[in-house]
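Each remark here refers to the structure printed beneath this line.
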Amino acid sequence: MVVSEIDACNSFKVTFKPNSALSAVSKQKVVILLTVIPSVIGIAFCFLGAWLVLPFVGLEIVALAYAFYYVNRHEADYESISIDGDGLVVERCVGESVSRQVINPYWVTVVQHELANGELHLYLQSHGKELEIGRYLTRKQRELLAKQLKQRTGILNRN
Amino acid sequence: MSTTTAAHHDDHGHDSHAHPTGLMRWVKSTNHKDIGTMYLWFSFAMFMFAGALAMGIRAELFQPGLQFVQPEVFNQLTTLHGLIMIFGAIMPAFVGLANWQVPLMIGAPDMAFPRLNNMSFWLLIPAAILLMASFFVPGGAASGGWTMYPPLSVQGGMSVDMTIFAIHILGVSSIVGSINIITTIFNMRAPGMTLMKMPMFVWTWLITAYLLIAAMPVLAGAVTMLITDRHFGTTFFNAAGGGDPVLFQHVFWFFGHPEVYIMILPAFGILSTIIPTFARKPLFGYASMVYATAAIAVLSFVVWAHHMFTTGMPVAGQLFFMYSTMLISVPTGVKVFNWLATMWKGSMTFETPMLFSVAVVFLFTIGGLTGLVCAILPVDIQLQDTYYVVAHFHYVLFSGAAMSIMGGVYYWLPKWTGHMYDEKLGKWHFWTTTIAFNVTFFPMHFTGLAGMPRRIPDYSQQFAEFNMISSVGAFALGISQLLFLYVVIKCIRGGTKATNQVWEGAHGLEWTVASPAPFHTFETPPQVK
């Protein structure tokens, strides 16, 4: 998912976020919705004398809430690619960790690698190393990104 | 390339699409397709094992008198047949189908928690071993029925402990699997796939997973209270100590009736997928199908005591549970109507999956109607614990759940294997199964109405003919499942190459990937319009 795109005065910056079918607020609502009825059931059985149902309900609610919390840790993930002057910067945030790679745009090659199953993967190659980019994008968005990067980067892409 | 890295990152190279091979591919697999395959094979093995127990039951009941087994062994056969069919065969089969299909249908690369998915599967193995091994401990396997009512279950031997432990393990597996499915469906849908665009199979599984979340702790609590009554001096279910054995029935059936819908809602999802494909029409009343599924799930929590009409509950309670049970026929009727309306004036063809689906609609409706008969309080008091009830729930669970699983396997098998199955043999399997099923279970309505009680190894001479017919049908039903195994193995080994779409009328994301489905799919999210 492309969340922002800036392209002005020789500077270029795009930011992508992973597809998330549910926002953080919606996740909280879903967890509450999913846990209300089991809680009521557990408490009701407790009052009827079958109190050993309640600990199992509690364990399950903790597991469910943690699962959604864990999924939500990646809510803030992003990948940004920017070109400003002599630096092509690829910045990634995955979970709590942020990585930043700087490449000289003059020497970079944009490589499109198509797999047998029709998927298209994008790589930046430079000085014998390569870096996959655009993993959060659909195929069409990857093609567009490749085109835009080729226009703005190294001489090898212009051949 | 100058690099500054604040923390570890997970770049992949071109070779990230290689996948493991050999035995460890299966043992350590976190791939939803591999795990789905393992679930399906496991459930088939359990289906055959529990089916073999049923053959023992029917052999004994072939004629009056004791032929092959003693009464206590007969009770063990009926108990383990029920437990293994429910927890070992039907539920894992649906989880297997969910593992294969849910990520493919919503455009997700895998389940949300692949390692937990692996754990959910491998927990099944020790549970199955515990259940099967319980036949060999002193006193034999649990024999108080799959419902494990006290006081029998409190008084039983160590096999009851093994059964309870197995149920705890299966419960953990189910809850972990449910959490995985819920998080996957809520969070990993492809861009553009809103909730009301989800395939019905995904919807039914979402609601089923929620039912599991709500019902499983109740079962866990119930069997834990049994354990403490057995070994730690508590008296939850012992009247002598101030407890109440009927409390167990309430707690058990509060789990048990949603469990019935846990085993049938995914079947509804399969029917709602197959019927539009072979009628070549969109599903009639998609939104009403979703709401009907949700309504069934909600109502399933307020009908439990219809299993207990003869326990002496107040009349007001009996009436409440009678009417609430009857109310379930409304959303179920909506579903049956929608399937019929989907077929109405459709350009229908009857390949094996469609044959199974049409048969399920017809036979499940019979099971639903006999359920309504059992819901009528004064009638149920007569029919309680007779073979009429056995006929009813086999029409729901075999022709409803098991036959829809078979239909689903035939429907998706070409996508899984890349080959078309042998249509002629598939139809043979369908007809032998359907005819044998009806020969087995339809006469049970009559034996039940005539008053033959369930769970007895010997019976009065007046029931002999119908029991003989049922036994002949049961053996034919058992043998016809070997044909199913042969068709599946033949399809895996080879056959006509399947196209990506496989079926002319099929729609959905799963049909956009190659056949067989590649090891990794939808790593690039598809766009749903």
Side-chain angles (χ1 to χ4, degrees), chain A residues 1 19-22 26-27 30 34-35 37-38 41-42 45 48-57 59-60 63-64 67-68 70-71 92 94 96-104 107-108 113 115-121 123-124 126-132 135-140 142, chain B residues 1-14 16-17 106 112-113 116 171 175-176 179-180 182-183 185-191 193-194 210 213-222 224-225 228 236 243-244 247-248 250-251 254 301 513-514 518 520-527:
Chain A
M1 180 168 64
N19 170 50
S20 176
L22 212 59
S26 300
K27 284 190 187 89
V30 166
L34 291 176
T35 53
I37 291 178
I41 291 168
F45 275 118
L48 293 169
W51 60 269
L52 267 171
V53 172
L54 197 57
F56 290 101
V57 172
L59 279 174
E60 187 189 66
L64 185 72
F68 272 84
Y70 190 85
V71 170
R92 278 209 190 114
V94 179
E96 310 258 304
S97 67
V98 179
S99 68
R100 183 180 158 88
Q101 309 209 21
V102 184
I103 313 166
N104 187 327
W107 296 111
V108 85
H113 185 74
L115 302 177
N117 62 11
E119 289 189 356
L120 183 77
H121 289 249
Y123 298 88
L124 295 178
S126 179
H127 293 77
K129 293 182 178 177
E130 72 174 16
L131 175 68
E132 187 177 356
R135 273 188 275 164
Y136 303 143
L137 301 179
T138 63
R139 185 190 164 105
K140 280 189 178 172
R142 286 180 193 186
Chain B
M1 190 186 296
S2 68
T3 303
T4 57
T5 305
H8 174 73
H9 55 89
D10 56 347
D11 290 340
H12 292 272
H14 291 266
S16 65
H17 292 79
I106 64 172
F113 298 101
L116 279 184
I175 287 171
V176 170
I179 291 172
N180 214 344
I182 286 174
T183 46
I185 294 173
F186 272 122
N187 297 299
M188 295 176 70
R189 281 169 284 127
M193 178 156 295
T194 58
Y210 181 62
I213 293 280
M216 271 298 166
V218 180
L219 177 67
T224 305
M225 285 184 277
T228 59
F236 285 106
D244 181 3
L247 174 65
F248 179 86
H250 281 290
V251 181
F254 193 86
F301 283 106
V513 301
H520 297 288
T521 41
F522 296 128
E523 289 190 305
T524 306
Q527 182 71 43

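A note on names: the letters A, B, ... follow the listed sequences, proteins ahead of strands, and every chain is numbered from 1. None of these values were measured; they are calculated from a predicted model. The analysis underlying the following values was restricted to heavy atoms, covering all of them including side chains, and did not include hydrogens, waters or symmetry mates.
Heavy-atom distances place the side chain of A/Lys27, and not its backbone, under 4.5 Å from chain B. With a 4.5 Å cut-off on non-hydrogen atoms, A/Val57 touches chain B through its backbone and its side chain both. Contacts between B/Ile175 and chain A at a heavy-atom distance below 4.5 Å involve the side chain alone, from C-beta outward. Looking at B/Met225, the atoms closer than 4.5 Å to chain A (heavy atoms on both sides) sit in the backbone and in the side chain alike. Within the 4.5 angstrom heavy-atom criterion, only side-chain atoms of A/Ile41, from C-beta onward, approach chain B.
In plain terms, the two heavy atoms of B/Ile179 and A/Ala67 that are nearest each other are CG2-CB, 3.4 Å. Nearest heavy atoms, B/Gly171 versus B/Met216: CA-SD, 4.0 Å. In terms of heavy-atom proximity, B/Met193 sits nearest to B/Ile106 at SD-CA, 3.6 Å. For the residue pair B/Pro525 and A/Tyr136, the shortest heavy atom distance occurs at CG-O, 4.3 Å. The two residues B/Ala112 and B/Asn180 have their closest heavy-atom pair at N-OD1, 3.5 Å.
Two rings, from B/Phe254 and B/Phe301, have their centers less than 6.0 Å apart.
Among B/Val251, B/Val218, B/Ile213, the residue making the largest number of heavy-atom pairs under 4.5 Å with chain A is B/Ile213. Ranked by heavy-atom pairs under 4.5 Å with chain A, the first of B/Thr194, B/Thr228, B/Leu219, B/Thr224 is B/Thr224. In terms of heavy-atom pairs under 4.5 Å with chain A, the best-connected choice from B/Phe248, B/Phe236, B/Phe186 is B/Phe186. Here B/Ala220 is the residue among B/Ala190, B/Ala220, B/Ala214 with the most heavy-atom pairs under 4.5 Å with chain A.
Put simply, the side chain of A/Arg92 never gets that close to the backbone of A/Ser99: no donor and acceptor are under 3.5 Å apart.
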